[in-house]
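Single-structure report; data block below.
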Amino acid sequence: MKNETVKFIGVDDREIDLFESQYLVPDGMCYNSYLVLGEKIAVMDSVDARKTGEWMEKLSAALDGRKPDYIVVQHMEPDHSGSIAAFLNEYPETVVVCSAQASKIMGQFNEGLSPKFLLVKEGDRLDLGKGVVLEFIAAPMVHWPEVMMTYLPCEKTLFSADGFGKFGVYDADPDDWACEARRYYFNICGKYGAQVAAVLKKAAGLEIETICPLHGPVLEGEGLAEALRLYTIWSAYDVETPGGVLVAYASIHGNTAAAAARIAEILKEKGAAKVALADLSRDDMAETIEDAFRMGSMVLACATYDADIFPPMRSFLQKLANKGFQRRRVGLIENGSWAPQAAKFMRGLLEGMKDVEIVEPTVTLRSSLKTSQVSELEALADAILK
């Protein structure tokens with residue numbers, strides 16, 4: 001970071017395999033924390049309990065013999081609040097600054113913990129002296145109800161809680177921010193687009209040169225501008241890749257997979273801007289969710305199974321529904337050896353989502369794709385790309 005008022009004291013977790021016990025993080029994860037230095041000192045959030053010891057050492061070194069006056073708790077999810085009890089054991093006189101709801105949740109995670117609280121709300125300010133003032137911004141449901149963000153006017157810096165976060169360690173390639181930030185956004189915050197948009201509207205009234213998230217790199221310059229551009233698209237459920245198509249399939253023995261691969265080829269031949277092909281049984285579900293939101297259209301290919309749809313497809317569609325999937329066009333391919341029914345069930349799940357258009361024709365396979373049916377795939381591709 002370029003300024004002297006804020007010091008980074010976050011830690012990397014390179015051993016973790018699943019974030020929130022469900023998202024693959026092959027490059028690990030970072031838990032960011034910061035010191036804000038005025039006449040008084042504020043610590044911005046703690047870290048996951050997995051890294052308490054390392055964080056406390058970095059904190060002590062950054063304090064250089066001083067004691068913190070405040071710890072600002074923007075978000076109570078354990079990957080950020082897991083070290084609060086250890087912190088208060090070491091610095092018991094520190095005042096905990098948080099929303100009223102955060103104080104309640106803190107007690108739920110830490111039985112018997114009774115710190116000194118300073119409860120803040122939208123528009124409240126905390127003066128640390130020497131012209132260093134923290135201004136608090138309510139950010140409910142981004143992505144928990146107690147969340148707030150914090151603006152530091154003297155450095156034009158926004159502490160954005162989980163907003164603008166990404167998977168991966170702190171010092172990952174900043175030029176590759178979008179890929180893992182997109183996967184993070186749609187799987188962690190995707191359901192709450194309206195709430196994210198509301199906070200972006202508040203941020204638009206601030207002069208921001210730096211964003212300090214709780215996961216991922218500090219954003220400045222061109223990286224900051226690109227992050228704001230993408231968040232504006234994502235929070236509105238707009239299409240980031242016009243003309244792009246996700247082809248996602250759930251295949252038992254490979255025949256449905258072959259049909260999915262064929263229509264993916266046809267879509268490319270017909271000029272689709274981008275085609276992503278996903279095996280719902282094997283590929284990272286979080287990445288497929290990311291692609292579903294990124295593209296404007298999707299083709300789903302699924303085998304009939306137990307007079308229903310093959311379970312990986314049901315899991316995918318339920319996950320999309322949970323994350324607020326909307327305003328997209330979807331084509332269907334079903335397969336069944338004696339009673340194809342997958343399209344009926346896929347259609348039923350999709351019709352429960354907002355502004356999702358089912359594109360015709362639906363293609364029905366009997367066991368495998370026949371040469372005579374390639375024209376049906378071409379017709380579906382034409383309709384998807386229209």
TODO: Verify side-chain hydrogen bond (donor to acceptor under 3.5 Å, both in side chains) between D48 and H80, making sure each step is shown before the conclusion.
DONE: CA-CA 5 Å; D48 193 283; H80 307 300; over 6 Å; no
Open item on the list: Tell me if the centroids of the rings in Y237 and F325 come within less than 6.0 Å of each other.
Closed with: no
Open item on the list: Whether the side chain of T288 engages the backbone of A278 through a donor-acceptor N/O pair (distance < 3.5 Å, no angle test) should be reported.
Closed with: no
Task: Check ion pair R329-E357 (N to O, under 4.0 angstrom) - done: yes
- [ ] Take S83 and T52 through the test side-chain hydrogen bond (donor to acceptor under 3.5 Å, both in side chains) and record every step on the way to the result.
- [x] CA-CA 5 Å; S83 298; T52 297; 2.7 Å; yes
Task: Side chains of Y70 and L128 in contact at under 4.5 Å (non-hydrogen atoms) - done: yes
Open item on the list: Check whether Q326 reaches the backbone of G324 with its side chain - one donor and one acceptor, N or O, closer than 3.5 Å.
Closed with: yes
Distance-only donor-acceptor hits, side chain of residues 251-260, under 3.5 Å, sequence neighbours excluded:
from: S251; atom 1: OG; to: G254; atom 2: N; distance (Å): 3.1
from: S251; atom 1: OG; to: T256; atom 2: N; distance (Å): 3.4
from: S251; atom 1: OG; to: A257; atom 2: N; distance (Å): 3.1
from: T256; atom 1: OG1; to: N335; atom 2: ND2; distance (Å): 3.2

Task: Test: R347 and E360 ion pair at under 4.0 Å - done: yes
Task: From T5 atom OG1 to K130 atom NZ, the distance as rounded to the nearest 0.5 Å - done: 9.5 Å
- [ ] Answer yes or no: is there a side-chain heavy-atom contact under 4.5 Å between H75 and M148?
- [x] no
Task: Within 6.0 angstrom of E269 CD, more than 12 heavy atoms from elsewhere - done: yes
TODO: Specify whether Y23 and F167 have parallel, tilted or perpendicular ring planes, treating 30° as the upper limit for parallel and 60° as the lower limit for perpendicular.
DONE: tilted
Open item on the list: Consider ring-ring contact (aromatic ring centres under 6.0 Å, His included). Of Y170, F19, W177, F164, which one does H215 pass it with?
Closed with: F19
Open item on the list: Taking CD in E222 as the centre, count heavy atoms belonging to other residues, nucleotides or ligands within less than 6.0 Å. Is the count above 12?
Closed with: no
Open item on the list: Working to the nearest 0.5 angstrom, can you tell me the gap between L377 CG and L365 CG?
Closed with: 7.0 Å
- [ ] Keeping the roles fixed (side chain from D279, backbone from S281), state whether a donor-acceptor pair exists under 3.5 Å.
- [x] yes
- [ ] Please confirm whether the backbone N or O of M56 pairs with a side-chain atom of S60, one donor and one acceptor, at under 3.5 Å?
- [x] no
Open item on the list: Side chains of V132 and L37, heavy atoms from C-beta outward: is any pair under 4.5 Å?
Closed with: no
Task: E146 side chain to S99 backbone, donor-acceptor under 3.5 Å - done: no
Open item on the list: For a side-chain hydrogen bond (donor to acceptor under 3.5 Å, both in side chains) check, start with the C-alpha distance between Y184 and D162, then their side-chain angles and the critical distance, and finish with the verdict.
Closed with: CA-CA 10 Å; Y184 177 91; D162 266 349; 3.1 Å; yes
Task: Y151 vs E207 side-chain heavy atoms within contact, under 4.5 Å - done: yes
Task: Carboxylate-amine/guanidinium contact E265 R262, below 4.0 Å - done: yes
TODO: Calculate, to the nearest 0.5 Å, the distance between atoms SG and CG belonging to C98 and L118 respectively.
DONE: 8.5 Å
TODO: Using the side-chain hydrogen bond (donor to acceptor under 3.5 Å, both in side chains) rule, take T210 and E220 through it: C-alpha gap first, then chi angles, then the decisive distance, then the call.
DONE: CA-CA 5 Å; T210 305; E220 298 173 304; 3.3 Å; yes
TODO: Kindly say whether G244 contributes a backbone atom to a donor-acceptor pair with the side chain of T241 at under 3.5 angstrom?
DONE: no
TODO: Hey, could you give me the CD1/NZ distance between I41 and K7, rounded to the nearest 0.5 Å?
DONE: 8.5 Å
Open item on the list: Do I333 and L300 make a side-chain contact, defined as non-hydrogen atoms from C-beta onward lying under 4.5 Å apart?
Closed with: no
Open item on the list: Would the distance check show the side chain of D124 and the main-chain N or O of K121 forming a donor-acceptor pair, the cut-off being under 3.5 Å?
Closed with: yes
Open item on the list: Using ring centroids (six-membered ring only for Trp), state whether W234 and F293 fall under 6.0 Å.
Closed with: no
Open item on the list: Quick one, V36 and F159 - any side-chain contact, counting heavy atoms below 4.5 Å?
Closed with: yes
Open item on the list: Taking salt bridge (charged side-chain N to carboxylate O under 4.0 Å, His left out) as the cut-off, I'd like each qualifying pair that reaches into residues 292-307, sequence neighbours left out, listed once.
Closed with: none
Task: Spacing of R314 atom CZ and I309 atom CD1 [to the nearest 0.5 Å] - done: 4.5 Å
Task: Salt bridge K156-E209, side-chain N to carboxylate O under 4.0 Å - done: yes
Task: Qualifying salt bridge (charged side-chain N to carboxylate O under 4.0 Å, His left out) pairs, either residue in residues 240-251, two or more places apart - done: R182-E240
TODO: Could you check if a side-chain atom of F136 sits within less than 4.5 angstrom of a side-chain atom of V97, using non-hydrogen atoms only?
DONE: yes
- [ ] Step through the shown structure and confirm whether more than 12 heavy atoms of other residues, nucleotides or ligands are within 6.0 Å of NZ on K270.
- [x] yes
- [ ] Answer yes when R327 and D238 have at least one side-chain N-carboxylate O distance shorter than 4.0 Å, and no when they do not.
- [x] yes
Open item on the list: Tell me whether the count of non-hydrogen atoms from other residues, nucleotides or ligands lying under 6.0 Å of NZ in K319 goes above 12.
Closed with: yes
Open item on the list: Restricting to side-chain hydrogen bond (donor to acceptor under 3.5 Å, both in side chains), what partner residues turn up for K370, sequence neighbours left out?
Closed with: S368
Give the table of side-chain donor-acceptor pairs shorter than 3.5 Å for residues 191-204, with sequence neighbours excluded, one pair per line with atom names and distance.
from: K202; atom 1: NZ; to: E122; atom 2: OE1; distance (Å): 3.0
from: K202; atom 1: NZ; to: A138; atom 2: O; distance (Å): 2.8

- [ ] Determine, for R328 against D355, whether the closest basic-nitrogen to carboxylate-oxygen distance falls under 4.0 angstrom.
- [x] no
- [ ] Run through Q341, E334, M313 and flag the one making a side chain to side chain contact (heavy atoms under 4.5 Å, CB included) with C302.
- [x] M313
Please report, to 0.1 Å, the donor-acceptor pairs under 3.5 Å made by any side chain of residues 84-92, with sequence neighbours excluded.
none

TODO: Give me the one residue out of D79, D13, D17 that meets salt bridge (charged side-chain N to carboxylate O under 4.0 Å, His left out) with R50.
DONE: D13
Open item on the list: I want to check something: taking the side chain as every heavy atom from C-beta on, are R125 and V120 in contact at a cut-off of under 4.5 Å?
Closed with: no
Open item on the list: Is it the case that over 12 heavy atoms from other parts of the model lie below 6.0 angstrom from the CZ atom of F310?
Closed with: yes
